[in-house]
Student: 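Here's a structure for you.
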Amino acid sequence: SQYRYSALFSRINFNWKDMIILNMTGRRDGSSRFGPDRRFGNFGSVGIGWIFSNMELFENLSFLSFGKIRSSYGTTGNDQIADYGFLDSYSYGVDNYLNQVGLRPSRLANPDYSWETNRKFEVALELGFLEDRIFLSGSYYHNRSTDQLVGYSLPAITGFTSVQANLPATVQN
């Protein structure tokens with residue numbers, strides 16, 4: 001089997017007076033594990049941070065050596081499935097008919113499934129005290145996964161137990 005993956009990645013960073021930091025990323029990923037019309041997905045992120053300890057207002061606080069509030073939001077894709085899953089496949093030599101070895105369908109085609117998408121949000125506070133000898137960090141994460149790549153159950157009468165598809169559900173952490 002051959003697995004091909006391609007990606008185009010871009011990143012923009014902006015730093016204003018060592019207080020406000022902004023970064024943005026964008027990517028376009030392609031995977032041979034999806035059908036011809038579904039191979040590419042677009043993903044990106046944006047993050048911002050405010051180092052408030054660099055402001056004049058906080059410079060006189062001798063116990064606070066570092067203070068930062070940051071937040072980010074981004075999307076990523078997942079293609080961790082078997083190769084050629086979008087094609088029909090056949091098994092050789094499984095069944096005999098009149099003493100002849102034959103082919104048997106072993107997987108249904110589905111060229112319409114695509115990237116599983118993960119959306120992540122984070123907000124955090126970082127504090128350094130006594131010249132960063134004591135450092136505290138607290139974060140809140142919110143992760144959502146949609147269009148999970150699963151073996152979608154089929155009725156046994158079809159002759160197959162499942163077909164690869166995107167499950168229309170959301171999993172949240």
Side-chain angles (χ1 to χ4, degrees), residues 1-55 58 64-87 107-129 132-154 160-173:
S1 70
Q2 291 185 352
Y3 170 59
R4 299 284 187 250
Y5 191 94
S6 64
L8 180 64
F9 180 81
S10 65
R11 182 176 185 158
I12 298 172
N13 289 323
F14 176 74
N15 187 335
W16 183 69
K17 297 185 178 181
D18 286 331
M19 274 194 296
I20 304 292
I21 302 165
L22 176 68
N23 96 39
M24 295 182 292
T25 62
R27 17 179 343 134
R28 180 155 172 86
D29 293 345
S31 174
S32 63
R33 292 183 171 160
F34 301 112
D37 295 334
R38 305 286 186 164
R39 292 221 163 117
F40 292 93
N42 298 314
F43 309 101
S45 67
V46 62
I48 189 164
W50 175 36
I51 304 174
F52 59 86
S53 58
N54 288 348
M55 294 181 65
F58 293 97
L64 182 67
S65 52
F66 182 78
K68 179 180 180 181
I69 297 174
R70 61 182 168 85
S71 182
S72 65
Y73 176 80
T75 60
T76 59
N78 178 16
D79 74 337
Q80 297 302 302
I81 53 174
D83 294 324
Y84 309 112
F86 62 94
L87 297 172
R107 182 178 53 218
L108 284 175
N110 181 3
D112 296 326
Y113 64 84
S114 63
W115 292 88
E116 179 177 316
T117 304
N118 300 298
R119 292 173 175 79
K120 299 180 179 196
F121 171 75
E122 178 188 7
V123 63
L125 174 66
E126 298 175 4
L127 298 172
F129 300 98
D132 291 343
R133 283 181 256 175
I134 300 172
F135 201 85
L136 299 175
S137 179
S139 300
Y140 169 78
Y141 297 94
H142 185 127
N143 299 333
R144 286 185 145 193
S145 179
T146 56
D147 297 325
Q148 292 84 21
L149 293 165
V150 298
Y152 205 79
S153 296
L154 293 175
F160 298 92
T161 58
S162 68
V163 64
Q164 187 73 48
N166 291 103
L167 184 65
T170 299
V171 176
Q172 178 174 300
N173 294 323

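On a predicted model such as this, the values are computed, not experimentally measured, just so you know.
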Student: Under 3.5 Å, side chain of Asn110 to main-chain N/O of Gln164, donor-acceptor pair present?
Tutor: yes
Student: Check step by step if side chain to side chain contact (heavy atoms under 4.5 Å, CB included) holds for Phe43 and Arg119.
Tutor: CA-CA 10 Å; Phe43 309 101; Arg119 292 173 175 79; over 6 Å; no
Student: Looking at Glu116 and Asn78, would you say the former's side chain and the latter's main chain have a donor-acceptor pair under 3.5 Å?
Tutor: no
Student: Would you call Asn166 and Ser114 a side-chain contact if the rule is heavy atoms closer than 4.5 Å?
Tutor: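 A side-chain contact under 4.5 Å exists here.
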Student: What's the separation between atom CD1 in Ile48 and atom CG in Leu22, rounded to the nearest 0.5 Å?
Tutor: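 Taking CD1 in Ile48 and CG in Leu22, the distance rounds to 5.5 Å.
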Student: Looking at Phe40 versus Trp115, is the centre-to-centre ring distance below 6.0 Å?
Tutor: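 Judged by ring-centre distance (under 6.0 Å), Phe40 and Trp115 do not meet the cut-off.
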Student: Tyr73 side chain to Lys120 main-chain N or O, any donor-acceptor pair under 3.5 Å?
Tutor: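 Such a contact is absent between Tyr73 side chain and Lys120 backbone.
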Student: State, to 0.1 Å, how close Ser53 and Ser65 come at their nearest heavy-atom pair, and which atoms those are.
Tutor: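 Residues Ser53 and Ser65, closest heavy atoms: OG-O, 4.2 Å.
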Student: Within a radius of less than 6.0 Å around CG of Leu136, do more than 12 heavy atoms belonging to other residues, nucleotides or ligands occur?
Tutor: yes
Student: What about the rings of Phe52 and Phe58, do their centers lie closer together than 6.0 Å?
Tutor: yes
Student: If I compare all heavy atoms of Ser31 with all of Tyr3, which pair ends up nearest, and what's the gap?
Tutor: OG-CE1, 3.7 Å
Student: Using modelled atom types and a 3.5 Å cut-off, is there a donor and acceptor pairing between side-chain atoms of Thr146 and backbone atoms of Thr170?
Tutor: no
Student: Side chains of Leu64 and Phe129: does their closest heavy-atom pair fall under 4.5 Å?
Tutor: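 The answer is yes, as the side chains (C-beta and beyond) meet within the 4.5 Å cut-off.
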Student: Does a side chain donor of either Ser153 or Ser162 reach within less than 3.5 Å of an acceptor in the other side chain?
Tutor: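 Judged by distance alone, the side chains do not pair up.
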Student: Is there a donor-acceptor pair under 3.5 Å between the side chain of Asn23 and the backbone N or O of Asn13?
Tutor: no
Student: I need the full list of side chain to side chain donor-acceptor pair (under 3.5 Å) pairs touching residues 34-44, with sequence neighbours left out, sorted by first then second residue.
Tutor: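 As it turns out, the side chain to side chain donor-acceptor pair (under 3.5 Å) pairs with a partner in residues 34-44, which skip direct neighbours, are Arg28-Asn42.
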Student: Under a 3.5 Å cutoff, is there a donor and acceptor pairing between the side chains of Asp29 and Tyr5?
Tutor: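 A pair is found: one side chain offers a donor N or O, the other an acceptor, under 3.5 Å apart.
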Student: Compare all side-chain heavy atoms of Gln2 with those of Arg4 and state whether any distance is below 4.5 angstrom.
Tutor: yes
Student: What are the two closest heavy atoms between Lys68 and Gly49, and how far apart are they?
Tutor: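 That would be CE-CA, 4.4 Å.
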Student: Does any non-hydrogen side-chain atom of Gln148 lie less than 4.5 Å from one of Val171?
Tutor: yes
Student: Are the side chains of Arg11 and Met24 in touch, meaning some heavy atoms are under 4.5 Å apart?
Tutor: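 No, too far: nothing below the 4.5 Å cut-off.
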Student: Would you say the side chain of Tyr140 lies within less than 4.5 Å of the side chain of Phe121, judging by non-hydrogen atoms?
Tutor: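 Contact flag for Phe121/Tyr140 side chains = yes.
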Student: Which heavy atom in Ser145 sits nearest to a heavy atom in Asn118, and how many Å separate them?
Tutor: OG-OD1, 3.0 Å
Student: Tyr152 and Pro168: which non-hydrogen atoms are nearest, and at how many Å?
Tutor: CE1-CD, 4.4 Å
Student: Heavy-atom distance under 4.5 Å between the side chains of Ile81 and Phe34, does that happen here?
Tutor: yes
Student: Between OH of Tyr141 and CD of Glu122, what distance do you get to the nearest 0.5 Å?
Tutor: 4.0 Å
Student: Measuring from Ile51:CD1 to Arg70:CZ, what's the distance to the nearest 0.5 Å?
Tutor: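 One finds 11.0 Å between CD1 of Ile51 and CZ of Arg70.
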Student: Judged by atom type as modelled, is there a donor-acceptor pair below 3.5 Å linking the side chain of Arg107 to the main-chain atoms of Tyr84?
Tutor: yes
Student: Roughly how far, to the nearest 0.5 Å, is the CG atom of Leu108 from the OG1 atom of Thr161?
Tutor: 9.5 Å
Student: Is there side-chain contact between Arg33 and Gln80, with heavy atoms separated by less than 4.5 Å?
Tutor: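 Yes, at least one pair of side-chain atoms sits under 4.5 Å.
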Student: Look only at the side chain of Thr75 and the backbone of Gly44, and say whether a donor-acceptor pair between them is shorter than 3.5 Å.
Tutor: yes
